[in-house]
A.B. asks: 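What follows is a single structure, and I will ask about it in a moment.
Not measured: the values here are computed from a predicted model.
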Amino acid sequence: MDDVLPTGFSNPVYDSATWVEIKRRYAQWAELHGYRYIETPVVESTGLFRRTAGETSDIVSKEMYTFEDAGGRSLSLRPEGSASVCRALVQHGLAASGTGLKFYYTAPMFRAERPQRGRYRQHTQLGLEVFKETDPSADAEVIAVLYGFFRRLGLGQLTVHINSVGSPACRPAYRDILVAYLREHMGQLSEDSQRRVDVNPMRVLDSKDPRDQEIVAGAPVMIDHLDEECREHFDGVKAALGALGIPFVINPRLVRGLDYYTKTAFEVTCDSLDGAIKVIGGGGRYDGLVEQIGGPSTAAVGFGSGIERVILALESQNIRLAKPRSAHAAVLYFDEGAKLEAFALAARLRETGVETDFPYRSRGVSKQLQAAVKSGVRFALIVGGEEGERGEVVVKDLLNRTQEAVPKDRVLEMLQQS
RNA sequence: GCGGAUGUAGCUCAGGUGGUUAGAGCACCGGAUUGUGGAUCCGGGGGUCGGGGGUUCAAGUCCCCUCAUCCGCCCCA
């Protein structure tokens, strides 16, 4: 009887209005920047994520919901969005269809972790991806869309962190230098980090363990070992962000949880939240991913942002995006004989664009009114009775506590105007 | 995967040292009101006490196991 995949919802009425509003504003904002909506499957072959996110990444190695279908194929619920979009791009030959391929999505992601505040087994990400653009301004635009979106929601205390994680051309050399440094201090590292030195040494850089941080503080960083191409790209991103007036900090120890990133990596934190859930959005460039899954070499950059965390951020700053909706009118009836007439009137109101409630259950007018008042409706229309025989409908303004009998043929007009 | 806390009505919770048919507030339903408002009063429906096992004449209460959720860690959005 419990949720298998808790989503972090606690107050459906408040949350649902906020939820819808965030998705609506995100779609609008993304489309304003030339992105088109893309919908990809919730399940993919397990191999897709293994190849792209990296065997050694935590997400793939221990956080995927993996199962076999009836035909014996290994499938996984998607833990992140980029791999699916890239797969769709390759499968449908979209990469060949010109420049400026820009997609956005709002989609549930699944990770088999221990649920807690701001971290759920099913969460929904707002995301987008740009393909075939190598220019640093594309990276900057992606960051600008994410940051600008948060700002337009009214969020403050935001910090944009950026870094470059290099490319396959320069990262291996840096990696050797880093590993050599870490080995010198092996004994002082935490057990987790000792293990990471072999598996994924760059992860040691963002360890929160105080023992590690002391060592990490003196460690060589990628941005000091970038090759010329990566260096220029990183400078270009910084310049473009500057031109847009987006404040950022360079965090040389920023590392992302997925292995496919190249060059730019970034996160946006909301500092009114605590700990790891401060990160309300993150992304970067992944020029090698499309080729890795069998497509043509294709540049790509994108981000993902968890709606649940965005809502937590909004709550932490007491920002309300939307009030719970309530209908504008409710059509009630004095007697059972007028019920279907009332039902039909409610339908006509809805057709003319008036949000309307109708009580299905037959109850006394007193109870119908009580329910209407409680639901927050502005107008109550009461059909039937003496007024009905005279060709009128009682229209009550529940806010101003006034009422009048209105000829039936004027009711629609009157409600539309109010 | 590790650590801590918590599971009793739809919700929030109460149920000293075991002891009748397990309670309250809110919510819901009905009535007072044969046709009119958020209040009030009266009444009502609702429970595998997370699940399983054990101890006992007797378990919501004690013991063991298990599951789930919440919080923290790891990691992530």
A.B. asks: In whole angstrom, what separates A:Asp274's CG from B:C71's C1'?
C.D. replies: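 Result: 12 Å.
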A.B. asks: Checking base pairs now: Watson-Crick or wobble, both atom distances under 3.5 Å. What partners B:A24?
C.D. replies: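 The answer is B:U12, by the H-bond criterion.
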A.B. asks: Could you state the CZ-P distance from A:Arg363 to B:G31, rounded to the nearest angstrom?
C.D. replies: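 The answer, rounded to whole Å, is 9 Å.
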A.B. asks: Partner lookup for B:U6, please. Criteria are Watson-Crick or G-U wobble with both distances under 3.5 angstrom; report none if nothing qualifies.
C.D. replies: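 Its partner is B:A68 (Watson-Crick or G-U wobble, both distances under 3.5 Å).
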A.B. asks: Return the value, rounded to whole Å, for the distance between atom CZ of A:Arg121 and atom C1' of B:G1.
C.D. replies: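 In whole Å, B:G1 C1' and A:Arg121 CZ are 13 Å from each other.
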A.B. asks: Roughly, in whole Å, what's the span from CD in A:Gln370 to C1' in B:G35?
C.D. replies: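 Going from CD in A:Gln370 over to C1' in B:G35 covers 14 Å.
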A.B. asks: Can you tell me how far P of B:C73 sits from CG of A:Asp212, to the nearest Å?
C.D. replies: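 Those two atoms, CG and P, are 16 Å apart.
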A.B. asks: Whom does B:G38 pair with, Watson-Crick or G-U wobble, provided both distances fall under 3.5 Å?
C.D. replies: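 Paired with B:G38, as far as the under-3.5 Å criterion goes, is no nucleotide at all.
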A.B. asks: Does the gap between the ring centers of A:Tyr104 and A:Tyr37 come in under 6.0 Å?
C.D. replies: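 Under 6.0 Å, so yes.
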A.B. asks: The side chain of A:Val279 lies closest to which of these nucleotides: B:G72, B:G37, B:A77?
C.D. replies: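 Selected nucleotide (nearest to the side chain): B:A77.
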A.B. asks: Please check if any side-chain donor atom of A:Ser74 sits under 3.5 Å from a side-chain acceptor atom of A:Glu68, or the reverse.
C.D. replies: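 A:Ser74 vs A:Glu68: no donor-acceptor pair found between side chains.
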A.B. asks: With rounding to the nearest 0.5 Å, note down the distance linking CD in A:Glu80 to CZ in A:Phe110.
C.D. replies: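 So the CD of A:Glu80 and the CZ of A:Phe110 are separated by 13.5 Å.
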A.B. asks: Can A:Glu21 and A:Arg24 be counted as an ion pair, charged N to O under 4.0 angstrom?
C.D. replies: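 Looking at A:Arg24 together with A:Glu21, the answer is yes, because their closest N to O distance falls below 4.0 Å.
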A.B. asks: A:Leu398 has a side chain; which of B:U36, B:G37, B:C71 sits nearest to it?
C.D. replies: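 From the listed options, B:G37 comes nearest.
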A.B. asks: Mind calculating the distance between CZ (A:Arg195) and P (B:C2) to the nearest angstrom?
C.D. replies: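 Spelled out: CZ on A:Arg195 to P on B:C2 is 14 Å.
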A.B. asks: Please give the nucleotide sitting opposite B:C62 as a Watson-Crick or G-U wobble pair, both distances under 3.5 Å, or none.
C.D. replies: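 Matched B:C62 with B:G54 under the 3.5 Å cut-off.
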A.B. asks: Assess whether one donor atom and one acceptor atom, taken from the side chain of A:Glu387 and the base of B:G35, lie less than 3.5 Å apart.
C.D. replies: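 Checked by distance alone, the answer is yes.
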A.B. asks: What's the CG-P distance between A:Leu369 and B:A39, to the nearest Å?
C.D. replies: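 To the nearest whole Å, that distance equals 14 Å.
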